[in-house]
Every structure is written in C-alpha cells, then in structure tokens.
Amino acid sequence: MIEYYARRAAEYEQVYAKPERQADLQQLRKRCREIFAGRDLLEISCGTGYWTECFAESAARILATDINPETLEIARAKPWKEGKVEFAVADSLALPDFGRHFDAGFAGFWWSHVPLERLQEFLAGFHARLTPGATVAFMDNRYVAGSSTPIHRTDEAGNTYQPRKLADGSSHEVLKNFPDKEEIRAVLASFTDKVEVVELEYFWMAVYNLT
Ligand SMILES: C[S@@+](CC[C@H](N)C(=O)[O-])C[C@H]1O[C@@H](n2cnc3c(N)ncnc32)[C@H](O)[C@@H]1O
C-alpha cells in the first residue's frame, strides 16, 4: 500500500476531478473550512496536500504528515502562505511525539486503509496527539457500484481488497474498507458518545470532539 501510493503520487489528484463527484466535494470542502477555522490542525496521511489546501484557507496552523516522501514532495511544492503549513514524514500507525498537541485532527481517505483489527489502536495513537476537546474529522469513500473499483476478496477479519492498476502499468492489491454509518459509530464508541456521520452519495465524513 505504501509503495502503491508512492508510485501513484503524480497521478493521485485525478481522483478529485471525476465530474460526478464535484457536488459532494464542494460540500465537504465547505464543511471542513468551517470546522477547522482558527485551529492548530494535525492532518495525517495527507498525500499530495489536496485537503491541506482547503484547510489552509481557514486554519491557524497545520502540520501535515504522510509516510511517503514522494507525496509530500508534491504537497510541499504548492504555494503555501508563509509559516502556516509544515510537512513531515510520519507513520500514521505509529505517530511520533510532535512536541505539541493539536486542537484539531483530520485524516482523509485513510480510515478505509487501516486494517479493521488495528482501528482502535490507530485511533488511540492519533487522539493522544490531540488536546482534550479537540475536533476530529475523518472523510472517506462510500462504495458506489459502477463507480468504485470492485472488491475482489475479503479476508478472515472482514477487510476488503481491490485490485488496482497505475499508469506505469504496475498492478497492486490495496486494502480498502467501506464502513457504513453504524460501523463507524461502533468503532468510535469507546472515544465519544456524540459523533456526526454525514453520508453523501460518494463520500462519508465523521466529525466529533474528544472528551
Ligand atoms: C488515499 S491516500 C489519501 C491522501 C490524502 N489524505 C487525500 O485525501 O487526498 C492515502 C495516503 O496514505 C499514505 N499512507 C500509506 N500508509 C501510510 C502510513 N502507514 N502512515 C502514513 N501515511 C500512509 C499514502 O502515502 C497516501 O498518501
């Protein structure tokens, strides 16, 4: 999965150009600008910085991380307002101590790649980098027949996998889960009793505050 995204870095943002997804994306961008306004935001698995650009319009400060230097290189090259956005290499499943805690956290299209059996451990590690009361948001894909890449197998833990091809001709198998509202709520139940899950046609977004 890590190598797949390193090789996909240059073509990654094409996924945001699909015409049928524009109305959903516009809604998500608006909501994100609102919830992160004035915040000190930790964005993990930031990829090429597509969502970072959106948050930079309203957040006070952003640290955006990813495990792949290839995606971060594309993100860093974007025209950022001086002093607002920093980037760092970090494994989202073993986040380091960043030397400060953040009052907001975000991960886009990352939850779906975390093995089901590691979600609780991942969330505990992510939340530990945030302040009490921090606002957290996750955004990801819904499975849409005819639009999503078909799932070709499910493992014994319930994780689903897609076969994917890149422009360089390479073939990959990627773990990609499509949780519904109830599954998202159930995973987050040990961290919050109040989570808003928005389901659009192509995407879902979960927003909550840490207690
Ligand atoms: C689907 S992309 C999402 C990128 C970006 N958040 C977005 O929404 O456009 C998943 C990202 O996770 C990164 N990634 C894969 N494994 C990771 C890990 N263990 N820790 C941190 N990032 C990882 C990949 O490099 C890739 O940039």
Side-chain angles (χ1 to χ4, degrees), residues 1-18 21-22 24-29 31-33 35-36 41-56 59 62-78 85-98 104-119 121-129 136-143 147-149 151 159-166 170 172-179 200 202-207:
M1 219 262 283
I2 295 171
E3 193 206 331
Y4 166 78
Y5 279 110
R7 293 170 78 142
R8 188 180 164 191
E11 60 185 278
Y12 181 75
E13 290 197 18
Q14 289 170 12
V15 75
Y16 293 119
K18 294 187 178 183
R21 301 189 178 190
Q22 297 311 306
D24 279 10
L25 287 169
Q26 204 176 332
Q27 262 195 65
L28 293 171
R29 278 195 291 267
R31 183 84 171 99
C32 286
R33 275 194 296 269
I35 57 181
F36 296 134
L41 172 66
L42 172 62
E43 180 190 0
I44 57 165
S45 297
C46 68
T48 55
Y50 175 88
W51 291 98
T52 323
E53 280 186 285
C54 168
F55 311 141
I62 305 171
L63 174 64
T65 67
D66 198 281
I67 204 160
N68 269 314
E70 289 85 348
T71 63
L72 288 176
E73 196 183 318
I74 293 172
R76 278 197 180 98
K78 292 183 174 176
V85 185
E86 281 173 278
F87 293 96
V89 172
D91 183 348
S92 298
L93 297 172
L95 290 170
D97 179 352
F98 294 109
F106 176 82
F109 305 87
W110 165 246
W111 177 302
S112 54
H113 293 309
V114 180
L116 296 172
E117 63 277 18
R118 297 195 69 183
L119 271 172
E121 164 205 342
F122 154 65
L123 285 164
F126 185 34
H127 292 161
R129 302 294 172 264
V136 188
F138 288 98
M139 182 194 292
D140 223 304
N141 297 96
R142 297 188 70 200
Y143 188 83
S147 177
S148 307
T149 306
I151 290 161
N159 295 295
T160 51
Y161 295 80
Q162 296 172 322
R164 297 198 187 176
K165 271 206 156 111
L166 292 177
S170 59
H172 305 260
E173 185 188 60
V174 175
L175 185 160
K176 177 87 181 175
N177 290 319
F178 295 90
L200 304 178
Y202 292 96
F203 307 102
W204 61 264
M205 182 154 98
V207 184

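Just so you know, ligand 1 is whichever comes first in the structure, and atom 1 is the first atom listed for that ligand. The shown structure was predicted, so the numbers you read here are calculated from the model rather than taken from an experiment.
Ligand 1 places these atoms under 4.0 Å from at least one heavy atom of Asp91: 18 (C), 19 (N), 20 (N). Short contacts between ligand 1 and Gly47, defined as distances under 4.0 Å to a heavy atom of the residue, involve ligand atoms 4 (C), 5 (C), 27 (O). Counting atoms of ligand 1 from 1 in the listed order, those under 4.0 Å from a heavy atom of Ser92 are 18 (C), 20 (N), 21 (C), 22 (N). Within ligand 1, the atoms closer than 4.0 Å to a non-hydrogen atom of Asn68 are 24 (C), 25 (O), numbered from 1 in the order shown. Atom numbering of ligand 1 starts at 1 in the shown order; those under 4.0 Å from a heavy atom of Ile2 are 16 (N). Here is the list of ligand 1 atoms found below 4.0 Å of a heavy atom in Ala90: 20 (N), 21 (C).
Not one N or O on the side chain of Asn159 forms a donor-acceptor pair closer than 3.5 Å with the backbone of Pro115. A side-chain donor-acceptor contact under 3.5 Å links His113 to the backbone of Leu175. Side-chain N or O atoms of Arg129 include one that pairs as donor or acceptor with a backbone N or O of Pro96 at under 3.5 Å. Proximity of a side-chain donor or acceptor of Asn177 to a complementary backbone N or O of Pro179 within less than 3.5 Å is not detected.
In terms of protein heavy-atom proximity, atom 6 (N) of ligand 1 is nearest to Ser45 O, 2.6 Å. Of all protein heavy atoms, the one lying nearest to atom 27 (O) of ligand 1 is Asp66 OD2, 2.7 Å. Of the protein's non-hydrogen atoms, Ile67 CG2, 3.5 Å is the one closest to atom 23 (C) of ligand 1.
By the 3.5 Å distance cut-off applied to N or O atoms, Tyr5 is not counted among the residues near ligand 1. Residue-to-ligand polar distances keep Tyr50 apart from ligand 1: every N/O pair is separated by 3.5 Å or more. Considering backbone and side-chain N/O atoms, Gly108 comes within less than 3.5 Å of an N/O atom of ligand 1. In terms of polar-atom proximity, defined here as any N/O pair under 3.5 Å, Trp110 makes no such contact with ligand 1.
When each of Phe178, Trp111, Tyr202 is paired with Asn141, the side-chain contact (heavy atoms from CB on, under 4.5 Å) condition holds for Phe178 and for no other.
Lys78 has a carboxylate O that lies under 4.0 Å from a charged side-chain N of Glu13, or vice versa, which qualifies the two as a salt bridge. Looking at Arg118 and Glu121, a side-chain N of the basic residue comes within less than 4.0 Å of a carboxylate O on the acidic one, giving a salt bridge.
Of all non-hydrogen atoms in Phe203 and Asp24, the two that sit nearest each other are CD1-CB, 3.5 Å. Across Met205 and Cys32, no two heavy atoms sit closer than the pair SD-SG, 4.1 Å. Among all heavy-atom pairs drawn from Tyr16 and Leu25, the shortest one is O-CD1, 3.6 Å.
With atom 9 (O) of ligand 1 as the reference point, the heavy atom nearest to it among Trp51, Tyr16, Phe122 is part of Tyr16.
By the criterion of a heavy-atom distance under 4.0 Å, neither the backbone nor the side chain of Ala107 is placed next to ligand 1.
In this structure, His113 is part of the shell of residues with a heavy atom less than 4.0 angstrom from ligand 1.
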